[in-house]
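Within every chain, numbering begins at 1; the chains are lettered A, B, ... in the order of the sequence lines, protein sequences first and strands thereafter.
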There are 2 protein chains.
Amino acid sequence: MASRAKATILDIAREAGVSKSTVSLVLQGSGLIRPETAVKVRKAIEDVGYVYNRGAANLRKAHSNVIGMVINDLTNPFFAELAVGMERVFQAAGVVPFIANTAENPVRQEEVLKSMMEQGVAGLIVSPARGTTPGAFRRIEAAGVPVVFAMRRLPESRIPAIAPDNHRGACLATEHLIRKGHRRLAFFGGSPDLVVYQERLGGFLEACEAFAIPVADRTIVEGETSRKGGMACLETALAISEPPTAALCFNDAVAFGVMLALRKRGLEAGTDFAVVGFDDVAEAEHYSPALTSVAVDTAGLGERAAHVMLKMIQSRTTRAEDHIGAVSLVVRESSGPDRGKQVGDAA
Amino acid sequence: MASRAKATILDIAREAGVSKSTVSLVLQGSGLIRPETAVKVRKAIEDVGYVYNRGAANLRKAHSNVIGMVINDLTNPFFAELAVGMERVFQAAGVVPFIANTAENPVRQEEVLKSMMEQGVAGLIVSPARGTTPGAFRRIEAAGVPVVFAMRRLPESRIPAIAPDNHRGACLATEHLIRKGHRRLAFFGGSPDLVVYQERLGGFLEACEAFAIPVADRTIVEGETSRKGGMACLETALAISEPPTAALCFNDAVAFGVMLALRKRGLEAGTDFAVVGFDDVAEAEHYSPALTSVAVDTAGLGERAAHVMLKMIQSRTTRAEDHIGAVSLVVRESSGPDRGKQVGDAA
DNA sequence: TTGATTTATTGGAACGTTCCATTTATAGGG
DNA sequence: CCCTATAAATGGAACGTTCCAATAAATCAA
């Protein structure tokens with residue numbers, strides 16, 4: 001049962017009285033082997049406590065069955081959800097994704113990518129860390145390993161990206177606020193080094209433009225994309241002379257921070273100040289007040305990214321189309337009371 | 001620059017006009033190489049776009065530098081934090097942890113563990129999925145690969161576990177509720193197939209015993225360890241004839257669910273019903289009302305687990321001591337108003 | 001100079017697989 | 001009975017590293 005030096009196919013071969021080639025064939029489920037022989041070999045495999053050595057196998061085989069998932073912030077439930085969506089697809093394809101966290105640190109990301117390459121991954125799905133340099137993936141591309149960006153993209157890169165329609169989402173949300181009657185609007189959180197920021201801010205501005213909100217009435221406050229960042233944004237915005245009455249936040253974490261800061265001031269999101277988030281994490285629905293947010297179908301995008309990756313591997317290409325996921329606005333309490341109810345209609 | 005067939009150390013050797021052995025030595029940072037030669041070789045490495053093949057190397061080397069982290073639920077920020085704590089330690093040790101998610105599914109866990117073993121991991125840190133069979137790790141132990149359990153342990157297993165002092169935490173929390181004047185107490189969420197559940201419930205019961213709370217006044221409601229589960233627990237508990245006035249919840253997710261259900265009934269946690277959570281996730285502090293919870297120093301436990309793992313690898317052993325992490329009760333609003341304030345003392 | 005010592009470099013044999021080209025066994029056709 | 005066809009099993013040469021033992025070159029002591 002217990003074997004000290006780890007068993008190899010040769011040990012199995014000896015145990016079963018066949019050749020190593022036969023064992024290899026059995027391991028690969030080849031149909032060339034007589035069923036009885038296969039049974040005998042499988043028993044020997046059990047007996048010697050064999051562990052398949054994929055490293056050795058990959059030395060000969062074209063490519064491995066592991067795919068790397070490099071995520072910039074695992075503690076953000078948003079990215080964890082993304083990871084889960086991908087896993088579903090990969091599992092069905094018999095591929096095991098290995099996840100690594102870069103903690104939003106480009107240096108760490110470099111190490112992680114290197115390590116995954118050395119491990120011989122068949123492909124990489126990456127949500128790049130903030131501040132990733134354009135050349136960070138050159139070597140990987142040169143090595144012919146397919147890469148897909150998920151949720152985030154890099155400014156000038158040929159690598160296919162799977163991301164939600166940030167521009168449209170922001171437009172939708174902003175329009176919603178304007179239709180609620182707000183005329184002084186804010187955009188909270190994020191910073192321009194993220195393409196996502198530019199897209200979302202772009203959508204915000206386009207909606208402002210479309211509804212002729214004067215530039216003076218648009219407040220843009222950059223900040224950390226966290227609760228803390230959101231709190232700071234609100235403070236900054238309320239300090240100006242004609243403060244905004246509503247805000248679209250870079251993401252839900254910022255929105256939660258804004259709501260927290262409101263409560264600290266004795267104000268309530270929805271009635272005193274309208275707040276809209278972005279991403280629609282699971283928590284948004286359960287918050288109090290429930291957060292209006294732009295739903296991006298995170299798990300769906302993860303699945304899509306995984307599918308694209310599998311296709312790239314299969315067709316041995318390093319190129320693929322971008323994919324822009326549909327978004328929708330989920331209206332809850334934080335963006336203000338439903339006007340429909342206020343007019344006092346029946347039902 | 002771009003090389004089609006991937007470059008090996010032989011290509012580097014040719015390019016640099018040295019032997020493959022020399023290249024290997026340079027790669028390992030050996031001091032035996034003349035600096036000028038090393039420089040020449042490193043240039044060649046750059047030029048041919050070389051990617052180190054760790055699989056091939058591991059064929060000869062004793063063991064690899066990858067450690068597997070197998071987590072039962074990545075979407076739970078609690079576990080993500082645990083992962084982050086471990087990563088900090090591993091990074092400093094030049095080890096890259098690969099994370100995989102089992103989604104609380106023992107079958108999936110089996111696959112994931114197998115895959116990691118095949119990949120030749122040097123060790124495994126596991127938070128076992130619910131329903132893991134006792135024998136699930138026998139093969140891994142037999143192969144001599146060190147395993148550490150984090151946060152959760154298995155009923156009858158010799159594998160070292162790093163976990164918080166669940167019993168004491170539950171005692172502390174229950175005592176807190178009793179001192180607040182509550183006499184009818186509930187324990188919400190979880191189920192007995194988890195050792196953690198037994199420990200926490202045990203602490204709850206011990207405190208009840210110590211303060212002579214009659215058995216009839218203890219309500220134990222099992223349930224999913226999620227918000228939804230928490231909501232259900234509260235409904236069940238409030239339906240009985242003499243309902244409890246306070247609850248210790250299996251974890252924070254359950255506690256959030258309980259608070260949500262309270263609000264749905266127009267009740268407020270803290271004033272109408274006392275709620276205490278367990279784990280003290282980051283969100284607890286920011287909830288409204290802020291959640292009283294048992295802090296377990298998640299990241300610290302992660303670091304500890306990583307250290308234990310490194311030590312096991314270094315000393316080539318598969319055995320280590322358990323480690324019980326200290327816990328503390330963080331009192332916030334959800335467990336009721338501060339009595340100290342109520343008596344109206346100064347300052 | 002010579003031999004001993006140190007410093008740099010190198011070939012070659014593993015490591016555990018896969019896969020091609022063979023070999024061996026089994027059966028069928030005439 | 002031989003020849004061919006099919007089925008089943010096998011040996012050996014890769015694959016890209018590491019590491020030992022050996023060599024070559026440089027340095028030193030005498």
Side-chain angles (χ1 to χ4, degrees), chain A residues 3-42 44-45 48-66 114-115 117-122 143, chain B residues 3-42 44-45 48-66 114-115 117-122 143:
Chain A
S3 58
R4 220 59 306 245
K6 43 193 63 199
T8 76
I9 52 170
L10 276 120
D11 298 309
I12 300 170
R14 197 178 315 116
E15 182 82 8
V18 298
S19 78
K20 60 173 177 33
S21 305
T22 304
V23 177
S24 176
L25 257 7
V26 171
L27 248 17
Q28 296 170 73
S30 162
L32 291 176
I33 302 294
R34 201 150 43 103
E36 317 145 49
T37 311
V39 167
K40 196 170 55 177
V41 169
R42 265 189 273 272
I45 290 176
V48 301
Y50 172 71
V51 175
Y52 183 74
N53 185 333
R54 210 166 276 280
N58 286 341
L59 225 39
R60 294 269 351 209
K61 285 213 292 219
H63 49 218
S64 73
N65 76 146
V66 356
K114 178 154 166 265
S115 192
M117 287 297 288
E118 292 181 359
Q119 222 52 234
V121 293
Chain B
S3 58
R4 221 63 299 250
K6 45 192 60 189
T8 77
I9 52 169
L10 276 122
D11 298 310
I12 300 170
R14 197 177 317 114
E15 182 83 9
V18 297
S19 78
K20 62 174 175 29
S21 305
T22 303
V23 177
S24 176
L25 257 6
V26 171
L27 246 19
Q28 296 170 74
S30 162
L32 291 177
I33 302 292
R34 199 153 43 103
E36 315 146 49
T37 310
V39 167
K40 196 170 54 178
V41 170
R42 264 189 272 274
I45 289 177
V48 301
Y50 172 72
V51 175
Y52 183 74
N53 185 333
R54 209 167 278 278
N58 286 343
L59 223 40
R60 296 270 350 212
K61 285 213 291 220
H63 48 219
S64 70
N65 76 144
V66 356
K114 177 154 168 264
S115 191
M117 287 297 287
E118 292 181 359
Q119 219 56 233
V121 293

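- For Lys20(B) against dG12(C), a side-chain-to-base donor-acceptor contact under 3.5 Å is present.
- Residue Leu27(A) is classed as having no contact, given no heavy-atom separation below 4.0 Å to the nucleic acid.
- The interatomic distance linking Leu32(A) (CG) with dA25(C) (C1') rounds to 15 Å, in whole Å.
- Counting atom types as modelled, Arg34(A) pairs no side-chain N or O with a base atom of dA8(D) as donor and acceptor under 3.5 Å.
- Taking only side-chain atoms of Arg60(A), from C-beta outward, the nucleotide of dT18(D), dG16(D), dC15(D) with the closest atom is dC15(D).
- Relative to the side chain of Leu59(B), the nucleotides dT17(C), dG16(D), dT17(D) differ in distance, and dG16(D) lies closest.
- In this structure, of dT17(C), dT10(C), dG16(D), it is dT10(C) that holds the atom nearest to the side chain of Ser19(B).
- With rounding to whole Å, Arg14(A) atom CZ is found 16 Å from dT10(D) atom C1'.
- Taking the charged nitrogens against the carboxylate oxygens, Lys40(B) and Glu36(B) have no contact shorter than 4.0 Å, which rules out a salt bridge.
- The base of dG11(D) sits with one of its N or O atoms less than 3.5 Å from a complementary donor or acceptor on the side chain of Ser21(A).
- Nucleic acid contact for Thr8(A): sugar-phosphate only, since backbone atoms but no base atoms lie under 4.0 Å from a heavy atom of the residue.
- The interatomic distance linking Asn58(A) (CG) with dC15(C) (C1') rounds to 15 Å, in whole Å.
- Within 4.0 Å of Ile9(B), counting heavy atoms only, lies at least one base atom of the nucleic acid.
- Atom-to-atom, CG of Leu25(B) to C1' of dT7(C) comes out at 12 Å; the value is rounded to the nearest Å.
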